Each structure stands twice: as C-alpha cells, then as structure tokens.
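Order of appearance sets the numbers: ligands from 1, and atoms from 1 within every ligand. Only a predicted model underlies this, so the values are computations on that prediction, with no experimental measurement involved.
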Amino acid sequence: METVKCLIIGGGPAGYTAAVYAARADLSPVLYEGVQPGGQLTTTTDIENYPGFENGISGPALMENMKAQAARLGADIRTGTVTGADLSERPFRIVIDGSTEIAAETLVIATGATAKYLGLPSEKKYMGLGVSACATCDGFFYRKKIVAVVGGGDTACEEASYLAGLCKKVYMIVRRDALRASQAMQDRVMSTENIEILWNCNTKEVLGDDSGVTGVRLEGNDGNTFDIAVDGFFLAIGHHPNSELFSQWVAVDNGGYIITDGKTSATNVPGVFAAGDVQDPLYRQAITAAASGCRAAIDAEKFLKAN
Ligand code: NDP
C-alpha cells in the first residue's frame with residue numbers, strides 16, 4: 001500500500017493552499033480532489049473580495065490558479081472520491097473510489113460543504129427539471145424567464161442578483177421579515193428592479209408538469225397560501241459540512257462541522273487536521289478557507305517533526 005507523509009482531501013481553496021504549503025515544506029503532499037474540482041468556488045461568478053485581484057477574478061480561474069501553483073511546487077494532485085476512512089491508528093487508512101487504499105502519516109480534511117435542500121418531495125421530483133442549487137451553473141437555461149430563489153443570506157442575494165441579469169423577473173422567498181445577508185448584498189438586491197422579495201413566506205410545494213417546474217405554492221406566516229408562476233426554483237438556504245466519512249473518528253459539533261483546537265487546525269485525533277468549510281460554520285469565505293489550509297499544512301509539518 002502506498003504511504004504518504006501528508007494526504008490532503010479536498011480540491012477547494014483550503015485543500016490547494018494546504019498543498020502549496022505542504023509542498024514547500026517538503027512533505028510531498030498528495031491531494032485528492034473529488035467530483036467537483038475547485039469546490040464551491042467553481043459554481044460562483046466573479047469574486048471581488050479575494051485580496052490581490054484589483055478587478056476581481058472568476059471562481060473557476062482562482063481555483064485553476066491555486067491548483068496550478070500547488071502542482072508547480074510539487075503537490076501530487078489526483079482525482080478520486082474518498083469512500084472510506086480508518087483513523088483509529090497511524091498511519092491512517094483512506095479508501096479512494098471504493099478500491100484504492102492509501103496510508104497517510106498526516107491527514108488534512110478539506111472536504112468543504114454541500115448545498116442544503118428544503119426536503120420537499122416535489123423539490124426532489126423536479127431536480128434538474130427546474131430545481132437547482134446553483135444559479136451560476138443553471139441560470140443560463142432561464143434567460144428571459146421567471147425564477148424564484150429561496151433564502152435571505154449572502155448566497156441567496158448573490159444568486160438573485162446574478163439571475164436578475166439573465167431573467168425577466170426574480171422572486172426571493174424569505175421566511176421572515178429580514179435578510180441575513182451583508183448590507184452590501186442587501187443594498188444590491190433592494191436596488192435591482194426585477195427582484196421582488198416575498199417576505200414571511202415558506203415554500204409548501206414546487207408545482208410542475210411533464211416539462212418541469214411551473215410554479216411554487218407558498219404559505220405566508222399569516223397562514224395564507226398562494227401560488228406564483230415560475231420556470232425555475234433555486235435553493236440558497238445554506239450548506240452542510242461534508243464530514244460524514246470522518247465523524248466516526250473526529251469530533252464534530254451539532255451541525256456536523258469538525259471541531260478544531262483553538263487557533264489551530266488540529267482535530268481530536270493527533271495527526272488529523274481540518275481546514276476550510278468542513279470546520280467553519282462562521283466565515284466560510286475563500287480567503288478564510290485558504291488561510292485555514294495554510295494552518296493545516298504548518299500544523300502537519302510540526303506534527304511530523306515531533307512524532
Ligand atoms: P446563510 O446561513 O447565511 O443564510 C441562509 C439563508 O437561508 C437565511 O436567510 C435563512 O433564513 C434561509 N433559510 C435557511 N433554511 C431555510 C429554510 N428551510 N427555508 C427557508 N429559508 C431558509 O447561508 P449562505 O449560504 O447565504 O451564506 C453562508 C456563509 O457564506 C455566510 O457567512 C455568508 O456571509 C458567506 N457568503 C459570502 C459571500 C461573499 O462574501 N461574497 C457569498 C456567499 C456566501 P434565516 O435568516 O431566517 O435563518
């Protein structure tokens with residue numbers, strides 16, 4: 001079985017940054033990126049708040065750059081999905097794609113987070129037929145049409161703004177009387193003419209026919225039910241951390257986020273470190289994910305020197 005000094009799981013800003021630092025520290029890191037190389041950033045458009053890019057940069061371009069930088073410095077970047085983990089003793093054993101086993105002296109978990117859905121049967125039924133959790137992936141299909149975005153956070157506002165540039169009209173379905181998003185995003189949404197916010201509303205059902213989504217049934221907090229006609233229904237209600245494969249071994253909080261020790265990336269399992277959105281319920285920014293990837297690589301390097 002192949003044994004590596006530092007195995008990094010996850011191809012997002014946290015994983016790539018960990019790979020950059022681990023490669024420069026001569027840890028010969030191996031990084032596995034899963035089915036969505038680049039992670040959530042590949043589903044965004046322009047990133048204006050990643051320092052160093054005066055005019056912003058697209059999410060996919062930023063991820064390509066990080067990956068290329070890690071590879072140039074010597075990181076071994078591979079494609080494969082982790083399907084099993086045994087962290088009971090060192091070296092840790094990780095299974096890739098159900099077959100390949102790899103042993104790791106240290107492990108950096110940077111598996112990110114995944115979009116949440118409402119859990120309605122009708123939402124499932126029309127998945128890919130008008131229901132989507134990624135406006136930048138699927139918005140194109142709704143040009144000049146009417147869509148709804150559920151949620152009131154930064155993601156919902158960003159998706160609504162993006163869709164407003166393509167669609168005739170965008171409804172935002174917000175479950176209370178306020179947005180959670182940053183003031184800048186709230187201002188952007190409020191000043192966009194073709195975005196209408198439906199306050200105090202919950203989605204009861206996604207309506208559709210053989211061709212896909214045709215509308216949404218909403219219930220106001222006053223108990224009144226009404227339908228709106230839409231062609232697309234976009235979820236933007238947050239994410240859950242991709243920690244399931246490891247939560248048998250490493251401590252996680254109530255939301256499933258991996259718990260790290262103080263300012264470090266150390267989990268409760270010595271030699272296992274966590275970085276990025278899988279351990280961050282609070283900030284969840286590309287820059288904070290990258291920074292935590294840096295910490296994880298430095299922590300792994302120190303750990304290897306001491307053990
Ligand atoms: P958030 O958790 O911030 O917001 C989720 C939104 O969805 C809230 O408005 C919430 O309502 C609503 N919601 C949750 N569950 C339901 C439900 N079952 N039905 C209806 N509405 C629901 O998630 P985001 O993905 O928006 O943002 C996550 C983090 O990423 C934040 O820290 C955000 O600032 C950051 N971010 C930053 C960006 C940037 O800086 N460019 C871009 C995108 C995200 P309620 O408020 O009532 O709980």
Basic-acidic side-chain contact under 4.0 Å: Glu101, Arg93:
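Between Arg93 and Glu101 there is a salt bridge, with a charged N closer than 4.0 Å to a carboxylate O.
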
Side-chain heavy-atom pair Lys116, Leu235 within 4.5 angstrom cut-off:
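They are not in side-chain contact.
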
Any idea which residues sit under 4.0 Å from ligand 1, heavy-atom distances?
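Residue list for ligand 1: Asn49, Leu118, Val150, Gly151, Gly152, Gly153, Asp154, Thr155, Glu158, Arg175, Arg176, Arg180, Ala236, Ile237, Gly238, His239, Leu282, Tyr283, Arg284, Gln285.
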
Pairs of donor and acceptor atoms involving the side chains of residues 16-28, under 3.5 Å and at least two apart or interchain, shall be tabulated with distances.
{"from": "Tyr16", "atom 1": "OH", "to": "Glu33", "atom 2": "OE1", "distance (Å)": "2.6"}
{"from": "Tyr16", "atom 1": "OH", "to": "Gly38", "atom 2": "N", "distance (Å)": "3.4"}
{"from": "Thr17", "atom 1": "OG1", "to": "Pro13", "atom 2": "O", "distance (Å)": "2.6"}

Any chance CZ of Phe226 has more than 12 other-residue heavy atoms, nucleotides or ligands included, within less than 6.0 Å?
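Above 12, so yes.
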
Would Ser265 and Asp299 count as a side-chain hydrogen bond (donor to acceptor under 3.5 Å, both in side chains) if you check the C-alpha gap in whole Å, the side-chain angles of each, and the deciding distance to 0.1 Å?
CA-CA 7 Å; Ser265 64; Asp299 291 340; 2.6 Å; yes

No-hydrogen, no-angle side-chain donor-acceptor test under 3.5 Å, Ser182 and Asp154:
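Indeed, the side chains of Ser182 and Asp154 share at least one donor-acceptor pair under 3.5 Å.
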
